[in-house]
Amino acid sequence: MQLFPCPFCGLRDETEFHYGGEAATPRPDGADAPAEAWANYLYMRANPKGATREIWVHVTCGEFFEMARDTVTHVVAESSALGAAERGR
Amino acid sequence: MSARRLPAGGGEIDRAQPIDFTFDGRPVSGFHGDTIASALLASGVGIVGRSLKYHRPRGVWGAGVEEPNAIVEVAGGARSAINVRATMELARQGMSVRSVNASPTAMNDRKAFIDRFARFIPAGFYNKTFMWPEWRLFEPRVRAMAGLGVADPAWTPALRADQINHACDLLVVGAGPAGLAAALHASSAGLKTVLVDNGARPGGSLRHRAGSIDAMPAARWVEATMAALRLKDCLILPSTTAFGLYDHNLAGLAQRHDDGRPDTLWRVRARHIVIAAGAIERPLPFANNDLPGVMSADAALVYLQRYGVVAGARIVVATNNDSAREAAGALAEAGAAVAIVDSRRDHGGGAAFDVRPGRTIAAAHGRNAVERVTLDDGAVLAADCVLVSGGWTPTLHLFCQARGKLAWSEALAAFIPANPVPGVSVAGAAAGTVSLGDALASGTEAARALRAGQAPAPRSTGNENTLAILPAWPKSLAKGRIWIDYQSDVTAKDVELAARENFVSVEHLKRYTTLGMALDQGKTSNLNGLALLADVTGRPIAEVGTTSYRPPFTPTPFATLAGLRGGELMAPVRRLPLETAHRRGRAVFQEYGGWLRPAYYGAGPAAESIRDEARRARQSVALFDASTLGKIEVIGPQAAEFVDFVYYNTMSTLKAGRCRYGFMLSESGVVFDDGVLARLDENRFVVSCSSSHVSAVHARLEEWRQDRFDRKRLFIHNATADLATLTVSGPNAKTLLEALALGLDLDDSVLPHMAIGRGAFEGADIRVARVSFTGDRSYEASIAADKADRLWARLIEAGKAFDAVVIGLEALMILRAEKGYIVIGKDTDGATLPHDLGVAGPRDRRSTEYVGRRSLFTEEAMRGDRKQLVGLIVPEGEPPLATGSHGVERQGGEMRSIGFVTSSYDSPALGRPIALALIERGATRHGETIEIRHMGATRRATISPPCAFDPQGSRLDA
């Protein structure tokens with residue numbers, strides 16, 4: 001069982017988390033967004049072997065956050081709260 | 001075999017406490033401290049089981065966790081278990097031990113004749129032979145002939161296994177010299193340390209091999225070290241198997257208790273783990289090397305030193321290395337006649353024995369036990385016991401589970417750890433050390449990984465062990481039946497056959513021959529097997545490699561892993577605040593989407609009770625517990641903008657005090673949930689979602705809030721469990737509610753359909769929403785869950801005057817289906833878009849963004865032949881359609897599905913069956929009759945609008 005660092009609660013067992021998808025899949029708004037852009041947003045994922053950035057939610061505190069980890073070694077590099085950059089402004 | 005107990009000696013048994021138990025019904029005696037295996041040996045029981053496939057007689061091979069042969073079933077006493085290793089299980093007074101795969105006893109097995117046909121049943125025989133006409137016709141008979149142990153389906157654990165989570169600095173696996181040194185070093189440096197050992201007593205090889213540490217005899221050093229560890233608060237877990245190493249240094253430990261307590265599962269998260277699990281002795285390849293009496297040389301030393309049992313009277317020790325000399329010497333001293341057959345030419349020393357240097361055993365002979373051996377030079381030696389040492393295989397299962405890679409060592413003729421793994425060290429014999437001094441030093445060194453200081457390692461002060469191994473791998477085309485895997489009954493010929501048939505990958509070899517499968521997972525056999533494969537295929541052993549190591553290291557009972565998670569606790573149901581009241585009302589409960597809810601009330605037959613509830617609900621007034629409905633509050637200045645985004649329908653135009661029905665879509669445009677949104681005031685909404693969807697909807701709202709909105713100006717609160725919701729529905733609903741005097745105006749001009757008002761009941765706030773899932777005038781009253789009992793009692797009391805009926809969920813399902821009201825996930829599936837349900841307005845008119853919007857304008861979404869929600873009417877007098885039946889269309893003799901029935905009931909209000917269905921182009925086909933197929937039978941039904949009852953909706957205000 002892996003340990004994930006919730007930016008708000010610290011290290012917790014992975015059973016407390018849900019996967020929220022790959023990070024940086026921006027949503028194209030609008031009924032007329034290009035079909036390809038929408039399909040990419042909905043379905044196309046990189047599923048990388050190695051380093052990856054993902055969205056996770058710590059179910060017990062309810063916070064979504066971004067986590068950088070390695071899909072091969074399971075080493076977690078870092079995690080940060082969503083929108084942390086904007087809030088820093 | 002004529003093993004016997006010596007009159008004295010044996011450090012682990014208490015001769016003052018004799019023990020009696022039975023083996024295959026025969027009385028056996030031993031002493032407190034004996035394992036089942038040592039007691040059987042001491043009692044002269046030579047045959048302890050029958051082999052998996054050929055039903056060959058088998059005796060005890062080892063003394064520990066690797067035991068391939070002595071697998072038994074234990075009943076009675078504190079612990080009942082199947083497939084336990086007799087070498088690991090302590091003997092207890094009165095226990096009943098049975099052999100496995102033998103009937104009636106291991107000694108006289110009815111199926112022993114099978115061995116005479118052995119040459120006709122090589123690897124893969126059953127699967128090849130019984131393929132035609134079908135394997136499953138033969139499978140039961142074949143399974144009955146082979147296998148180990150019989151599971152009792154009725155067995156349930158008397159007590160649930162405890163499960164303990166623990167965190168520490170250092171976890172040491174194995175309490176032999178290396179493990180003790182590591183634990184001592186870490187504990188002394190103040191680190192939080194856990195020491196686990198498979199055996200009942202710590203010490204490992206120090207309990208039976210000679211040695212001297214820090215000028216103390218090994219046994220005394222063990223006691224001194226244990227005392228020091230206890231003083232330093234080291235957590236010591238004996239009889240505990242570290243069965244798995246998982247991500248981020250989590251170890252799974254199974255602890256056995258012999259006082260009747262169930263096993264304990266430990267989940268230990270350690271900063272660092274030292275694997276000091278030792279090494280396992282390998283058999284030597286010679287014909288009939290599986291005869292009872294052929295035993296690991298190290299095991300014989302264990303039985304002698306720890307249990308006072310000498311393994312035979314005339315013993316031949318066959319070896320290719322130095323490690324068996326100690327056993328030979330000790331057994332000779334104990335009175336056995338010992339001869340040594342040493343495959344190394346230059347190891348003839350030791351005049352005390354008959355030594356045959358440069359010789360190997362070619363074959364063992366005997367019927368039910370070894371009687372003599374023939375050497376490769378033709379010499380014959382009489383023997384009732386053959387002790388073998390083919391070298392040592394480091395126990396690296398946990399290291400490999402931690403993704404450690406192995407490297408081949410020519411000097412040790414074994415695989416040893418290749419690369420370091422962060423957070424894990426290997427020490428002692430597991431790392432390939434031979435001498436006691438090296439083991440102690442490597443243990444200390446491993447603990448230093450945690451910066452545990454530079455205190456010196458314990459020093460070996462006696463004679464040091466050497467190995468000087470000359471590999472003795474099985475070779476192809478050898479004469480006779482040479483066993484590679486005792487437990488899975490795999491011989492050298494099976495391995496050669498597999499290679500001939502091109503199963504040359506070690507993983508394929510395992511699956512084809514079953515080499516290394518079953519309970520022992522090839523702990524004694526794997527290396528010999530892959531060395532033979534290497535020989536047959538002309539590759540070096542390092543290139544052949546090993547199979548993957550996966551947890552568990554030894555069989556771990558499911559009951560231990562499950563702990564409390566069984567029965568009701570496996571997936572606990574959510575319970576209604578009013579459950580007790582419903583039980584008093586004789587509700588019949590069922591689980592619906594995780595909630596335990598009344599299906600119907602009364603002791604009568606289900607179908608009639610449900611029908612009666614549905615009928616009476618339309619007559620006067622019905623009471624229903626809708627507490628499971630979601631009540632998720634959306635609060636803040638961004639709330640209106642937010643609900644517009646998460647709903648398909650425009651919600652921001654809702655006035656305070658009003659409600660609106662709407663859909664939530666997924667980003668694929670699929671209808672994810674439906675429900676009523678109420679606006680309590682400018683900045684506060686309540687999302688009422690499907691009962692089984694509350695947590696999913698809540699998670700989705702949170703995700704969008706955090707992803708797209710200002711978390712300081714928008715809050716989501718799931719108040720579902722805070723409030724109970726009681727529904728009053730029917731023509732007399734208003735009159736009944738007025739009788740309760742809730743302090744709010746129920747007049748239709750003030751509280752029309754789709755409005756919400758606030759009142760009070762016995763001092764508690766109450767929210768009354770006029771929404772309807774029945775098609776009748778309906779009020780949903782929400783009140784703090786702890787006040788619901790009183791409100792429910794008052795409703796029932798006041799309802800008596802109106803012949804009120806309490807209805808369960810089943811009746812409600814009929815009422816809503818009569819109205820064509822859908823249940824998401826029942827009347828819709830993972831492809832249903834909102835316009836398939838006849839709600840196209842927002843898609844066509846909304847100009848603002850909402851979840852799933854773009855997906856409603858794809859080619860797929862705009863197809864003309866989409867499945868759409870319809871009603872179905874069957875010819876008069878026919879019964880309801882089966883839910884799940886398919887509508888079909890015939891084109892040139894071909895039948896094609898055009899949709900399916902999603903809900904189907906007998907409607908008491910209409911006096912006929914009703915059904916909802918998703919049918920291709922259904923919205924444009926009202927009045928058309930189609931074929932419905934179910935289980936080979938064809939019926940006909942006419943497509944109608946979904947709403948079958950009161951299509952004008954006049955009853956909402958009646």
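Chain naming here is simple, since letters A, B, ... match the order of the sequence lines and numbering starts at 1 in each.
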Checklist entry - Do B/Glu667 and A/Tyr41 have side-chain atoms, one donor and one acceptor, less than 3.5 Å apart? => result yes
Checklist entry - Among A/Leu42, A/Val75, A/Asp32, which residue forms the greatest number of heavy-atom pairs with chain B at distances under 4.5 Å? => result A/Leu42
Next on the checklist: Sort by residue number and list every residue of residues 55-68 of chain A having at least one heavy atom under 4.5 Å from chain B.
Outcome noted: A/Gly62, A/Glu63, A/Phe64
Item to check | Any donor-acceptor N or O pair under 3.5 Å, side chains B/Asn718, B/Thr720 | outcome: yes
Checklist outcome for this item: Among B/Arg403, B/His698, B/Arg269, B/Arg853, the residue with the most heavy-atom pairs under 4.5 Å to chain A is B/Arg269
Checklist entry - Which atoms of B/Ser855 come close to chain A, meaning under 4.5 Å heavy atom to heavy atom: side chain ones, backbone ones, both, or neither? => result both
Checklist entry - Within 45° of the six-membered ring axis of A/Phe4 and under 6.0 Å from that ring's centre, is NZ or CZ of A/Arg12 located there? => result no
Next on the checklist: We want to know whether B/Trp266 and B/Thr240 form a side-chain donor-acceptor pair, criterion being a heavy-atom distance below 3.5 angstrom.
Outcome noted: no
Item to check | Side-chain H-bond candidate by donor/acceptor type, B/Ser652 with B/Asp644, under 3.5 Å | outcome: yes
Next on the checklist: So, using salt bridge (charged side-chain N to carboxylate O under 4.0 Å, His left out) as the criterion, who are the partners of B/Arg574 when residues are at least two apart?
Outcome noted: none
Item to check | Region of B/Arg708 in contact with chain A, defined by heavy-atom distances below 4.5 Å | outcome: side chain
Item to check | chain A contact via B/Arg843 - side chain, backbone, both or neither, heavy atoms under 4.5 Å | outcome: neither
Checklist entry - Ring centroid separation for B/Tyr647 and B/Phe663, is it under 6.0 angstrom? => result no
Next on the checklist: Salt bridge or not between B/Glu702 and B/Arg705? Use side-chain N to carboxylate O under 4.0 Å.
Outcome noted: yes
